[in-house]
2 protein chains.
Amino acid sequence: MNKKQMQSEQTKKRVADAARSLFALKGYKATSIEDIVAATGSSKGNIYYHFKSKEGLFLYLLDEWDREWEENWEKKQWQYQTMKEKLFGIAEQLALEDLNHPLTRAADEFFHLEEKSNEVEERIKVIYQNHFQFFETFIQRGIDQGEFKPVNAKYLAIALESLFVGLNQMSRTASSEDVGKIYQSAVQAFLYGMAKESD
Amino acid sequence: MNKKQMQSEQTKKRVADAARSLFALKGYKATSIEDIVAATGSSKGNIYYHFKSKEGLFLYLLDEWDREWEENWEKKQWQYQTMKEKLFGIAEQLALEDLNHPLTRAADEFFHLEEKSNEVEERIKVIYQNHFQFFETFIQRGIDQGEFKPVNAKYLAIALESLFVGLNQMSRTASSEDVGKIYQSAVQAFLYGMAKESD
DNA sequence: TATGATACAGAATGAACGTTCAGTATAAAA
DNA sequence: TTTTATACTGAACGTTCATTCTGTATCATA
C-alpha cells in the first residue's frame with residue numbers, strides 16, 4: 001500500500017472515530033458536520049470526499065458495528081451448550097451493548113428519522129432482515145434439536161427481534177442494575193412462559 | 001359557554017385535527033407550522049396562541065390518544081374472562097392500533113428525537129411509567145388470581161411494554177396480514193414459552 | 001356605549017446546516 | 001522532470017423553520 005493510501009485510510013478512520021464519539025454524545029441530528037470538522041481538524045470537503053454524505057457516514061459506522069457484533073458472538077457462543085443457554089447469552093450481550101455501545105442512542109434516532117432517502121430506507125430494511133434471519137435460523141435449530149416447541153420460526157423471530165429492540169429502548173429509562181434483570185426476565189418469560197399451566 | 005369560547009374551541013380542534021393528519025402523513029419533523037397554517041386557514045400566530053409550541057401541540061395530541069386508548073380498553077376488556085385472554089385482547093387492540101392509528105409513526109419519531117426540551121423528556125417518561133404501571137397491576141392481578149407464575153411483576157411489566165414497543169416498530173416492515181400473527185405469536189410465547197419442557 | 005380581554009393575522013427575525021465547488025497541495029506514475 | 005490522479009481546503013450557497021412581535025378585529029362585560 002502507498003504512503004498516500006495509508007494516510008488516506010488513517011484520516012478516514014480518524015473521521016469515523018470522531019464522528020462515532022460525537023454521535024454518541026449528542027445524537028445524530030444534533031451532531032453537525034461542523035462539529036466533526038472541529039473535532040478532527042479535517043475540512044468539510046474532505047469529509048465529503050471520504051463519505052458520500054452525513055447519512056453515508058452514519059451507515060458506515062453502523063456496518064462496522066454489525067460486523068463487530070457478529071464477530072463477538074461467534075467467539076462467545078461456544079461457551080454455551082444448549083440453545084436456551086445461548087439465548088440467555090445473546091440477551092446478556094445485547095444488554096451490555098445497550099448500556100455501553102456508543103451508537104445505540106444515535107442509531108435509534110437515525111432509524112426513526114422520517115426524512116430518509118430511499119437508499120437509506122432500503123439499507124435499514126436489510127439490517128433488520130439480517131436480524132430476523134439470524135433469529136429464525138437460531139429458533140429453527142432449537143426446534144430441530146428438540147429444545148423448542150414446533151413454533152412458527154418466522155413469526156417468532158420477528159417477535160424476538162421486536163422484544164430486543166423494545167428492551168433496548170426501555171433500558172434507557174431504567175437504572176443500569178435493573179437492565180440485566182429486565183433482559184433476563186424477558187427471556188425467561190419467552191422461554192418458559194409466564195402462565196402457570198401450559199396447554 | 002360563550003359564542004366566542006365555542007368558536008375558540010372549534011378552531012383549536014380544527015388545528016388539532018389538521019395537525020394530526022399532517023403528522024401522520026409526513027411525520028413530525030417534516031410537518032411545518034406553515035403546513036398546518038395552509039391546511040387550516042388559521043394563522044401562525046393563532047396556532048401559537050392556542051398551543052405553546054410545536055412540541056406542545058404534539059403532546060396535546062398524544063394526551064388525547066392515551067385517553068381514547070384507555071376508554072376503549074375499559075369498554076372492551078369485559079368481553080374477556082381470564083387474564084390470559086385479556087392479554088391476547090390487549091395485543092389485538094395494539095396490533096390494530098399500530099396498523100391504523102395515524103400517530104404511531106410520528107410518535108415514534110417524536111420519542112426518538114434528541115433535541116427535546118427537558119419538559120418534554122419528563123412528559124415522555126411519565127407516559128412510559130403509566131404503561132409500566134398498567135402492565136404491572138395487570139400481571140399482579142394475574143398472579144393473585146393464580147393464572148400467572150409468581151414472577152417479578154415489575155421487571156416483567158417493563159419486558160411486556162418493551163415487547164409491544166418493539167412489535168409496533170417491526171410491524172411497519174411487515175405486511176399487514178402478518179402483523180396480527182406476529183403479535184399473537186409473541187404473546188403466545190410470552191404466556192406459554194417457546195421451550196419444550198418448563199422447569 | 002366604552003372598556004377590556006380574547007382571538008386572530010402575517011410579516012420579520014434569526015439561526016442552523018448539509019452540500020457544493022473552484023481551487024490548492026501532495027505524491028505516484030510516466 | 002512533467003503529468004496526472006488523489007487528497008484536501010474552506011468560503012459560499014441555498015434552504016428550511018420555529019418562534020416572536022406588533023398590530024387588528026371581535027365579542028363579553030361594566
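Computed over heavy atoms, backbone and side chain alike; hydrogens, waters and symmetry mates excluded.
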task: Could you tell me whether B:Asn2 atom CG has more than 12 heavy atoms of other residues or ligands within 6.0 Å of it?
output: yes

statement: On a heavy-atom basis, the closest approach of A:Gln140 and A:Ala153 is OE1-CB, 3.6 Å

field: Which residues share a side-chain hydrogen bond (donor to acceptor under 3.5 Å, both in side chains) with B:Asn46, sequence neighbours left out
entry: B:Ser42

message: Among residues 27-40 of chain B, which ones have heavy-atom contacts with DNA chain D below 4.0 Å?
response: B:Thr31, B:Ser32, B:Ile33

message: What range of DNA chain D does chain A touch, first nucleotide to last, counting atoms under 4.0 Å from its heavy atoms?
response: D:dA5 to D:dA12

- prompt: Is B:Arg105 salt-bridged to B:Asp108, cutoff N-O under 4.0 Å?
  reply: no

- request: Would you check if there is a donor-acceptor pair between the side chains of A:Gln93 and A:Trp73 at a distance under 3.5 Å?
  value: no

statement: Residues passing the side chain to side chain contact (heavy atoms under 4.5 Å, CB included) test with A:Asn130, sequence neighbours excluded, are A:Val126

- prompt: How would you list, by chain and number, every residue that makes a side chain to side chain contact (heavy atoms under 4.5 Å, CB included) with A:Asp35, sequence neighbours excluded?
  reply: A:Leu22, A:Lys26, A:Thr31, A:Ser32

- line: Its contact letters, B for base, S for sugar-phosphate only and - for none at protein heavy atoms under 4.0 Å, make nucleotides 23-30 of chain C read ---BSS--

Close residues, residues 14-26 of chain B, relative to DNA chain D [heavy-atom separation under 4.0 Å]: none

message: Enumerate the ring pair (Phe, Tyr, Trp, His ring centres under 6.0 Å) contacts for residues 26-48 of chain A, please, sequence neighbours excluded, ordered by first and then second residue.
response: A:Phe23-A:Tyr28, A:Tyr28-A:Phe58, A:Tyr28-A:Phe110

task: Tell me which residues in residues 46-63 of chain A put a heavy atom below 4.0 Å from DNA chain D, sorted by number, or none.
output: A:Asn46, A:Tyr49, A:His50

field: By side-chain hydrogen bond (donor to acceptor under 3.5 Å, both in side chains) - contacts of B:Gln133 (at least two apart)
entry: none

query: Around atom NZ of B:Lys13, are there more than 12 heavy atoms of other residues, nucleotides or ligands at under 6.0 Å?
result: no

Residues that A:Glu121 engages under side chain to side chain contact (heavy atoms under 4.5 Å, CB included), provided they are two or more places apart: A:Lys116

- prompt: Residues in side chain to side chain contact (heavy atoms under 4.5 Å, CB included) with A:Ser21, at least two apart?
  reply: none

- line: Taking every heavy atom of B:Thr40 against every heavy atom of B:Val15, the minimum-distance pair comes out as CG2-CA, 3.9 Å

- line: Between A:Ser117 and the options A:Arg123, A:Glu55, A:Glu122, the side-chain hydrogen bond (donor to acceptor under 3.5 Å, both in side chains) test singles out A:Glu55

Pairwise distance NZ(A:Lys86) to NZ(A:Lys76) - rounded to 0.5 angstrom: 12.5 Å

